[in-house]
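To start, the structure itself, in structure tokens.
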4 protein chains.
Amino acid sequence: MTNKQEQRSEETKRSILTAAGRLFAERGYDAVTMREIAKAAGCSHTTIYIYFKDKEALLHHLAMEPLQALFAEMEAGVQNHLLSADERLLAVSTSFIRFCLLNRSMYPLFFMAKSSRVDEKEPSLELQHLRNQLFGLLKDAVIACLPPHLTEEQSWAYARVYFFTLHGVIGTYSQSDETFDMLMERLAPTFELALRVALAGCKQIAHEEAAAK
Amino acid sequence: MTNKQEQRSEETKRSILTAAGRLFAERGYDAVTMREIAKAAGCSHTTIYIYFKDKEALLHHLAMEPLQALFAEMEAGVQNHLLSADERLLAVSTSFIRFCLLNRSMYPLFFMAKSSRVDEKEPSLELQHLRNQLFGLLKDAVIACLPPHLTEEQSWAYARVYFFTLHGVIGTYSQSDETFDMLMERLAPTFELALRVALAGCKQIAHEEAAAK
Amino acid sequence: MTNKQEQRSEETKRSILTAAGRLFAERGYDAVTMREIAKAAGCSHTTIYIYFKDKEALLHHLAMEPLQALFAEMEAGVQNHLLSADERLLAVSTSFIRFCLLNRSMYPLFFMAKSSRVDEKEPSLELQHLRNQLFGLLKDAVIACLPPHLTEEQSWAYARVYFFTLHGVIGTYSQSDETFDMLMERLAPTFELALRVALAGCKQIAHEEAAAK
Amino acid sequence: MTNKQEQRSEETKRSILTAAGRLFAERGYDAVTMREIAKAAGCSHTTIYIYFKDKEALLHHLAMEPLQALFAEMEAGVQNHLLSADERLLAVSTSFIRFCLLNRSMYPLFFMAKSSRVDEKEPSLELQHLRNQLFGLLKDAVIACLPPHLTEEQSWAYARVYFFTLHGVIGTYSQSDETFDMLMERLAPTFELALRVALAGCKQIAHEEAAAK
DNA sequence: CATGAATGAGTGTTCATTCAT
DNA sequence: TATGAATGAACACTCATTCAT
């Protein structure tokens, strides 16, 4: 009996999260009302408050999960030793872009929220930590493509520069009204070009600098 | 007599603009209320409506002025024929980045606001137009550095890719709490590196593609 | 359990309608605020929005119900073939006057509200339609008392003229503070006189005109 | 000097009254703002407060003047012994209708405002008095057309009934958006018909009643 | 006498949230 | 566990009115 109830409870929670995730992604956190989420989840809006303290808690809960999934996916990509370093970077970058465009409206939350808001305690820290791990992973993937023996400072610089491209791609389209599929169909080649350009540029400048030394 | 009143009026208008600019920048257009702006400006919320038709007009006023200045500066940079194409692009890009970081909090407003709302008439169009002109200017500067005879589609693609870098740079630091000066002191070399990387990358891939054909 | 809640809900809705009806009647639609209605109904102003989409919907709801009842009553009167045409007109007119005086304060709403606002969709149309039907019914009842073979234009003219009397009766007393019963006791003979005068006048002039031709 | 100032002052006051009168008539008291009146009058909105205590005072001032003019006109009409009683009634009625339609949006103010509002002191009394005089004048004009020796009660009844027609005519078109000229062009014959019907009806019923006795 | 600047009270409406069941 | 009813705080915006000059 308890089991059945627990199961039903879990289902409701799931459907709330699913609905909220979809709606936040589609229209942005602010534009979505609790009542809309409830309707989409097939429950009363008051039920949401049973599972989540408030709207923000819902958002936070919603943010961690996919971000962890992304991290896992990128980690797997980076460890796939069947691919060359360049290919690994490309794969990981593509994962990142795809994820961010899929979760467009959450992107600012994931990556641009002020790191420190007084009223947030733990939640932000978790997020911040995950963010850092993710960035570290990207940095390693970038460095693996560049000539060895870069200083730590240089490594950071190239990683940042490469990351600018990713950030730029996502930021440019994060407000678009087009669906993810429309976006990818129209722009996938441009995204690939952007990644190739960024990598080629990093490599060339890195070599020039190495030579100059 | 009249003079004194006019002066007071001008002061009030200025203080409203200043307050609104700061608040919009800090917390975003939507999150700021007219009453907050008024309080920050030291006047009643109704006073704002004496000087600006509505919230959007306030935003528009705030956005157009500096954006036009930027456009003028970039236009001048692009027409400086003492410089090589590469140098001109670098100059123009630096102008753009500096401006956007200086007006950080308005950046989303300038370049990421939904471009088309049915009920908006002129104001947004002006902004949109300025935006397009600005992007066109950047595009021409990019193309001038690349091998000739690119198709229109290719031109757009490289321009976009180059723009991703700019957008990425700005986006990455647009939420930072550091002052503009702190930012530039710490990151100017990184920014320059990013621009060089983007240009080198574009050049190389463009040549590769030309050769492949 | 559900029953109790439903009952409470129904009560609240009722009290809102009652309050709104009274206030609209007393002071006119525009002059009454949602907050006033709420206070009079003993609930928060937001509660009104649970039951009615907006102020206009409240008005519409308030207007349609009794108006439909009136229409049904008048339709029945007009089809009562036990009566002569004159008696039918008298019956129908009396129904109309009684209804309008009973719903005095809503009368302007029913019959004098601006018929066409661009942004209104269905609701007003329904009301407008009902109004037209009602007027058509009265017109037919008038014509049935007059000599046959009137042109369409003449028919409209006499119907209008007859309607002026009804409208005048109601308008004259629509602001009165007397109760409906007091009014009828004091003025029923006057009203009847008015109807007889209007009918006699129409008949005589119509005959004169017919003879003149 | 004083003279010149006084003259200018009088002019300003006049232009305010003119503007307010036109705007109130066009769009109704509530819908017109002080600033609109000021703009139409060619002065600052604050200037209005020099001449009139508040918006309501402006309205009241505006109402008395034309009403007195109407009264004078009707009085003249009633005393024109070149005309028959019927013609005099017709003339007076037409004056009344024309005036009320011309001052449509003020009509409720003139003739339908609650006679006693606690917060109004004198102004209403004046108005009320004028109203009564006007009605008395109409009553006499009606009675002059009817058989002599009516009881006082009967006189009142016929006067009321006749007045219903006037009231009905005006009320029916008082909310119309058509200009006065459009209205008169379209409906002048209907109005005349209405008056003839009302008079003919009153006469006939009065004779019938007299005969019955 | 006249005015531009400024404001408080108020408008309809929305929304996240709580309460009683 | 779950919900319908209800609400307070807030939103952009308007308007008659007052104040300092």
Side-chain angles (χ1 to χ4, degrees), chain A residues 2 4-6 8-9 12-13 30-38 43-56 58, chain B residues 1-13 30-38 42-56 58, chain C residues 1-13 30-38 42-56 58, chain D residues 2 4-6 8-9 12-13 30-38 43-56 58:
Chain A
T2 298
K4 218 171 200 170
Q5 262 188 338
E6 262 176 34
R8 252 184 74 73
S9 171
T12 305
K13 188 171 181 178
D30 281 332
V32 174
T33 74
M34 295 297 263
R35 280 180 151 83
E36 282 172 326
I37 296 170
C43 68
S44 162
H45 60 282
T46 52
T47 302
I48 302 179
Y49 290 92
I50 299 171
Y51 297 101
F52 304 95
K53 188 187 159 295
D54 56 21
K55 201 184 176 187
E56 204 166 322
L58 183 52
Chain B
M1 208 169 342
T2 296
N3 214 336
K4 215 172 200 170
Q5 258 188 340
E6 261 176 36
Q7 193 183 322
R8 239 182 95 68
S9 170
E10 204 55 44
E11 258 173 54
T12 304
K13 187 172 182 179
D30 280 332
V32 173
T33 76
M34 295 299 264
R35 278 171 159 87
E36 281 173 328
I37 296 171
C43 67
S44 162
H45 65 280
T46 54
T47 301
I48 302 179
Y49 289 93
I50 298 173
Y51 297 99
F52 304 95
K53 191 187 157 294
D54 55 20
K55 200 184 176 188
E56 203 165 321
L58 184 51
Chain C
M1 212 178 322
T2 296
N3 215 334
K4 214 171 200 169
Q5 257 187 342
E6 261 176 34
Q7 193 183 322
R8 239 182 94 70
S9 170
E10 205 54 45
E11 259 174 53
T12 304
K13 188 171 181 178
D30 280 331
V32 173
T33 76
M34 295 299 264
R35 283 168 163 86
E36 281 173 327
I37 296 170
C43 67
S44 161
H45 63 282
T46 55
T47 301
I48 302 179
Y49 290 92
I50 298 172
Y51 297 100
F52 304 95
K53 193 188 155 294
D54 53 22
K55 199 183 176 188
E56 202 165 321
L58 184 51
Chain D
T2 297
K4 217 172 202 171
Q5 261 188 339
E6 261 177 35
R8 249 182 77 71
S9 171
T12 305
K13 189 170 181 179
D30 281 332
V32 174
T33 72
M34 294 298 264
R35 281 180 151 82
E36 282 172 326
I37 296 170
C43 68
S44 162
H45 60 281
T46 51
T47 302
I48 301 179
Y49 289 91
I50 298 171
Y51 296 99
F52 305 95
K53 188 187 159 295
D54 55 21
K55 201 183 175 188
E56 204 166 321
L58 184 51

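The sequence lines fix the lettering, A, B, ..., with proteins before strands; numbering per chain opens at 1.
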*From the list F/dA9, F/dT18, E/dA2, which nucleotide is the closest neighbour of the side chain of D/H45?*
F/dT18
*Rounded to the nearest 0.5 Å, how far does CD of C/Q7 lie from CD of C/E10?*
9.5 Å
*May I ask you to verify if any side-chain N or O of A/Y51 is less than 4.0 angstrom from the OP1 or OP2 atom of F/dT1?*
no
_Distance-minimising heavy-atom pair for A/Y49 and A/D54_ = CE2-CA, 4.2 Å
*For the side chain of C/R35 and the base of E/dG10, is some donor closer than 3.5 Å to an acceptor across the two?*
no
*Would you indicate, yes or no, if F/dA6 has its OP1 or OP2 atom less than 4.0 angstrom from a side-chain nitrogen or oxygen of C/T12?*
yes
_Given E/dT13, F/dT18, F/dA5, the nucleotide with the shortest approach to the side chain of C/S9_ = F/dA5
*Smallest separation among heavy atoms of C/T12 and C/Y51, with atom names*: CG2-CE1, 3.9 Å
*E/dA5 phosphate, OP1 or OP2: any side-chain N/O from B/T47 under 4.0 angstrom?*
no
_Let's see if you can work this out: which of E/dT3, F/dT17, E/dG12 has an atom nearest to the side-chain heavy atoms of C/M34?_
E/dG12
*Test for a donor-acceptor pair under 3.5 Å between the base of E/dT21 and the side chain of C/R8, counting only N and O atoms.*
no
_Using every non-hydrogen atom in the two residues, find where C/M34 and C/I48 come nearest and quote the distance to one decimal._
O-CD1, 3.4 Å
_Please compare C/T46 and D/T46 by the position of their nearest nucleotide in DNA chain E and report the one closer to 5'._
D/T46
*Kindly say whether, by distance alone, the side chain of C/T33 makes a donor-acceptor pair under 3.5 Å with the base of E/dG10?*
no
*Dot-bracket notation for DNA chain F is requested: 5' to 3', Watson-Crick or G-U wobble pairs only, both distances under 3.5 Å, with ( ), [ ], | and . as defined.*
.||||||||||||||||||||
